[in-house]
*Asks:* 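There's a structure below that I have some questions on.
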Amino acid sequence: MNIFQIITEIEKIDPEVYDRLDSRRSIFRHMGGLGQKLTAAAVPLALGAVLNKAYAQTSAAPSVADVLNFALKLEHLEANFYNLGLGNGTDPLTTAQNTLRNGFSANNLSSLLRMRADENNHVQFLRDTLAALGATAIPVPALTQFDFTGGRGSAGGPFATVFTSAATFLAVAQSLEDTGVRAYKGGAPYLMGNKTVLEAALNIHSVEARHASRLRTMRRAGATNNTAATVAPATVTGLEAERTASPKSWVSGKDNGGAQPAQTAAIYNAGTLPAGTPTGITFPAEDNFIQGGLDLRTTTTVAGIPLLAFSEAFDEPLDVPSVNAIARTFTVASSTLFA
Amino acid sequence: MAQSVQIAEAEPSQSLHTPMQRRSFFKYAGATAGATALVLAGCSKDDSEPATAPVNVGSGDIGVLNYAYALEQLEAAFYAAVRGGSYYTSLAATSAERLALDDLYYHEVIHRDFLKAAITAAAAGSIIPALEVDFTTNAGYIDFTTRASVLNAARVFEDLGVAAYNGAAKYITDPKYLVLAGKIVSVEARHAALIRDFITEATFIGADVARINTTALEISREPAEIVSMVNNYLKDNSKLDVSGLK
């Protein structure tokens, strides 16, 4: 086989192939050495290694372990939120936890306890996966690192009633789960080198989306409603303004900034574009209706579709720095968890 | 043997920038004599058309997009039929279920038409045709007059959609297509959760769709498994062959 003919063929597709290889001249030289030592049958393997290196993400892109550890931080955040509010399933319930639980209908409480179990299971799964990869998981963050009131340690922040008001608890829960959905989507491209991990991450991603949907369903019906799904979203104007208090089960536009816009708007806004982001991937706001360079309003030939539906049909990814900034809202000022 | 495998893996940029037309694929493969025989063998399935599954989605990124396009065609056709059925039309204009079924119809139509446009832009010659659905026979029967039948079918389609996207993502090589699939699958999961809550409150997730007693991971499914169910709802001339997705 002719290796250089292969590279010539690749050049037809990617004119920069020589640059990619040349910038890694040492690897190329290395391969030359290999050619003398290896049998002809093994040469394609060496070529594959070189091309893999040439086409790998730049060093600015996170590794698989980096992405899993970042996901693990978010899962700890979510798990601790449910554990603190509803009890961790091991220790006796506090008076406050009992009071909060009593603020929910039976179906709503069982839903929240399901989410608590799922998030704690995600924590364990990610820790096991990191161990299996031979990577080091982040230390289990101390509960004292978190302040779910958004007070950064004052315990009296903008969500001061997070663990005493069922409505506030649901508002924060929706915010955390919607953030998780965007974060996993943003992390997925960096997991493409390990298909098993990629598939697992996506299997967490859709569970987070199911949680978010259920929380939104509960929020529009009210914490004490036992038949939340029977309640339709408010439709006084049919516009985003109603979505803060009465969200759909999916994100509609930017949901008017979410459950508490002064604190939650960033969850639905555009992100930044960190170095190392793969070509063609951006982090637009949730009200985006341009996908893959195509305007959804013109790709659809069916008439009569409401404008907001075009944004609802697609969730958007979010980048690590933007997710960190959102997550910091719920940690104490001295915490470096989401630094 | 090892040669052709390695070569196939060594050209990720091919499908990344110019989704492969079969002719250029052959030309490319012909560049190395050793690889040709095996690559041709790998393609032979594309060329034969088994009578039972005439619509071959193809392979590579375009194959996955075609697979998604097929699923979205089915979902959009389903909700269109729902909106023409007496269960839906008997619902009050302001009922939560009616409004949700409207939104689901809009979203799936938008997905379908987007994928059609995206595949056409990337590889017009490789797009699968418009599929013909069949909701009237045997395992594919849906009674559009009853709540139980409509909502149960919606649950099947939405849960299947989530499992299908999650299971096919690993066959995508271009990160931007992976993210596009991710943008759609979480919306399908939001749909699935609400439909399940309609059927039985607080069942937005369950042991049938996720390993809720261990890892809390959704249960993704391979294209072949998905299609074995999806083909029940497609006419004979529209049944799917996903053997190229691997």
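Convention: sequence-line order gives letters A, B, ...; per-chain numbering from 1. The figures that follow rest on heavy atoms only: side chains count, while hydrogens, waters and symmetry mates do not. For clarity, every value in this text was computed on a predicted model and none was experimentally measured.
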*Asks:* Using non-hydrogen atoms and a 4.5 Å limit, figure out which bit of B:Tyr171 sits close to chain A: side chain, backbone, both or neither.
*Replies:*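 Nothing of B:Tyr171, per the 4.5 Å heavy-atom cut-off to chain A.
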*Asks:* With only heavy atoms counted, which part of A:Asn288 is less than 4.5 Å from chain B, the side chain, the backbone, both or neither?
*Replies:*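 Looking at A:Asn288, just its side chain touches chain B.
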*Asks:* Nearest 0.5 Å, what's the OG1-CG distance between A:Thr129 and B:Leu217?
*Replies:*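 Result: 8.0 Å between the selected atoms.
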*Asks:* With distance as the sole test, does B:Lys170 use its side chain to make a donor-acceptor pair with the main-chain N or O of A:Lys195 at under 3.5 Å?
*Replies:*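 Side chain of B:Lys170 to backbone of A:Lys195, a donor-acceptor pair under 3.5 Å: no, none is there.
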*Asks:* Please report the interatomic distance OH(B:Tyr106) to CG(A:Leu308), rounded to the nearest 0.5 Å.
*Replies:*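 Here the interatomic distance stands at 12.0 Å.
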*Asks:* Count the heavy-atom pairs under 4.5 Å between each of A:Gly304, A:Ala232, A:Gly292 and chain B, then report the option with the highest count.
*Replies:*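 Of the candidates given, the most pairs with chain B belong to A:Ala232.
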*Asks:* What part of A:His122 lies closer than 4.5 angstrom to a heavy atom of chain B: side chain, backbone, both or neither?
*Replies:*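 Both parts, heavy atoms under 4.5 Å.
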*Asks:* Counting heavy-atom pairs under 4.5 Å to chain B, which of A:Val231, A:Thr227, A:Thr298 comes out on top?
*Replies:*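 That would be A:Thr227.
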*Asks:* Kindly indicate whether the side chain of A:Leu198, heavy atoms from C-beta on, has any atom under 4.5 Å from the side chain of B:Leu178.
*Replies:*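 Touching, per the 4.5 Å side-chain cut-off.
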*Asks:* Salt bridge check: are A:Arg210 and B:Asp197 linked by an N-O gap of less than 4.0 Å?
*Replies:*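 B:Asp197 and A:Arg210: not salt-bridged.
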*Asks:* With a 4.5 angstrom heavy-atom cut-off, could you sort out which part of A:Thr196 is near chain B: side chain, backbone, both or neither?
*Replies:*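 Neither the backbone nor the side chain of A:Thr196 comes within 4.5 Å of chain B.
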*Asks:* Where on A:Arg182 is there a heavy atom nearer than 4.5 Å to chain B: the side chain, the backbone, both, or neither?
*Replies:*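 The answer is neither part of A:Arg182.
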*Asks:* Would you say the side chain of A:Trp250 lies within less than 4.5 Å of the side chain of B:Leu194, judging by non-hydrogen atoms?
*Replies:*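 Sidechains of A:Trp250 and B:Leu194: in contact.
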*Asks:* Counting only heavy atoms closer than 4.5 Å, note whether A:Arg297 contacts chain B via side chain, backbone, both or neither.
*Replies:*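 Contact with chain B: none, neither part.
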*Asks:* Where does A:Thr230 contact chain B at under 4.5 Å (heavy atoms): side chain, backbone, both or neither?
*Replies:*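 The answer is the backbone of A:Thr230.
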*Asks:* Rounded to the nearest 0.5 Å, what separation is found between the OG1 atom of A:Thr300 and the CG atom of B:Asp113?
*Replies:*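 CG of B:Asp113 is found 4.5 Å from OG1 of A:Thr300.
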*Asks:* Got B:Ser220 and A:Leu202 here, is their nearest side-chain heavy-atom distance under 4.5 Å?
*Replies:*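 They are not in side-chain contact.
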*Asks:* Cut-off 3.5 Å, no hydrogens considered: what does the side-chain donor-acceptor table look like for residues 201-212 of chain B, sequence neighbours left out?
*Replies:*
residue	atom	partner	partner atom	Å
B:Glu201	OE1	A:Ala229	N	3.4
B:Glu201	OE2	A:Arg214	NH1	2.8
B:Glu201	OE2	A:Arg214	NH2	3.4
B:Glu201	OE2	A:Ala228	N	2.9
B:Glu201	OE2	A:Ala229	N	3.2
B:Thr203	OG1	B:Arg196	O	2.9
B:Thr203	OG1	B:Thr200	O	2.6
B:Asp208	OD1	B:Arg196	NH2	2.8
B:Asp208	OD2	B:Arg196	NH1	3.0

*Asks:* Might you point out which heavy atoms bring B:Thr173 and A:Met192 nearest each other, and give the distance in Å?
*Replies:*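 Closest approach of B:Thr173 to A:Met192, heavy atoms only: O-CE, 3.4 Å.
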*Asks:* Is there side-chain contact between A:His205 and B:Ser186, with heavy atoms separated by less than 4.5 Å?
*Replies:*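 The answer is yes; the side chains approach within 4.5 Å.
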*Asks:* Looking at A:Asn121, A:Val251, A:Asn108, A:Asn120, which makes the most heavy-atom pairs under 4.5 Å with chain B?
*Replies:*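 Ranked by heavy-atom pairs under 4.5 Å with chain B, first place is A:Asn121.
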*Asks:* Let me know if B:Val162 has heavy atoms under 4.5 Å from chain A in its side chain, its backbone, both or neither.
*Replies:*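 Only the side chain of B:Val162 comes within 4.5 Å of chain A.
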*Asks:* Chain B heavy atoms under 4.5 Å from A:Asn226: which part of the residue, side chain, backbone, both or neither?
*Replies:*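 Just the backbone, heavy atoms under 4.5 Å.
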*Asks:* Distance check, rounded to the nearest 0.5 Å: B:Arg112 atom CZ versus A:Thr301 atom OG1?
*Replies:*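 B:Arg112 atom CZ to A:Thr301 atom OG1 measures 6.0 Å (nearest 0.5 Å).
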*Asks:* State, to 0.1 Å, how close A:Ser249 and B:Arg190 come at their nearest heavy-atom pair, and which atoms those are.
*Replies:*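 Taking every non-hydrogen atom into account, O-NH1, 3.5 Å.
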*Asks:* Determine the option with the most heavy-atom pairs under 4.5 angstrom with chain A, choosing from B:Leu180, B:Ile219, B:Thr215, B:Thr120.
*Replies:*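 Highest number of heavy-atom pairs under 4.5 Å: B:Thr215.
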*Asks:* Relative to chain A, which of B:Asp103, B:Leu99, B:Ile184 shows the most heavy atom pairs under 4.5 Å?
*Replies:*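 That would be B:Asp103.
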*Asks:* When you measure from the side chain of A:Lys185 to the backbone of B:Gly182, do you find a donor-acceptor pair of N or O atoms at a distance under 3.5 Å?
*Replies:*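 Pair found, side chain donor or acceptor close to backbone of B:Gly182.
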*Asks:* Could you walk me through whether A:Thr235 and B:Thr94 pass the side-chain contact (heavy atoms from CB on, under 4.5 Å) check?
*Replies:* CA-CA 9 Å; A:Thr235 52; B:Thr94 55; 5.5 Å; no
*Asks:* Does any heavy atom of chain B fall under 4.5 Å from the side chain of A:Glu312, the backbone, both, or neither of them?
*Replies:*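 Both backbone and side chain.
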*Asks:* Considering non-hydrogen atoms only, spot the tightest contact between B:Ile110 and A:Ala309 and give its length.
*Replies:*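 Heavy atoms of B:Ile110 and A:Ala309 come nearest at CD1-O, 3.6 Å.
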*Asks:* Find the distance between CG (A:Asp315) and CD (B:Glu188) and round it off to the nearest 0.5 Å.
*Replies:*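 Here the interatomic distance stands at 10.5 Å.
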*Asks:* If I measure from the heavy atoms of chain B, does A:Ser110 come under 4.5 Å with its side chain, its backbone, both, or neither?
*Replies:*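 For A:Ser110, the contact with chain B is made by the side chain alone.
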*Asks:* Quick one: closest heavy-atom pair of B:Lys183 and A:Pro284, and the distance?
*Replies:*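 Nearest heavy atoms, B:Lys183 then A:Pro284: NZ-CG, 4.4 Å.
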*Asks:* Assert yes or no for the condition that the ring centre distance of A:Phe314 to B:His107 is strictly below 6.0 Å.
*Replies:*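 Here the rings of B:His107 and A:Phe314 have centres that are no less than 6.0 Å from each other.
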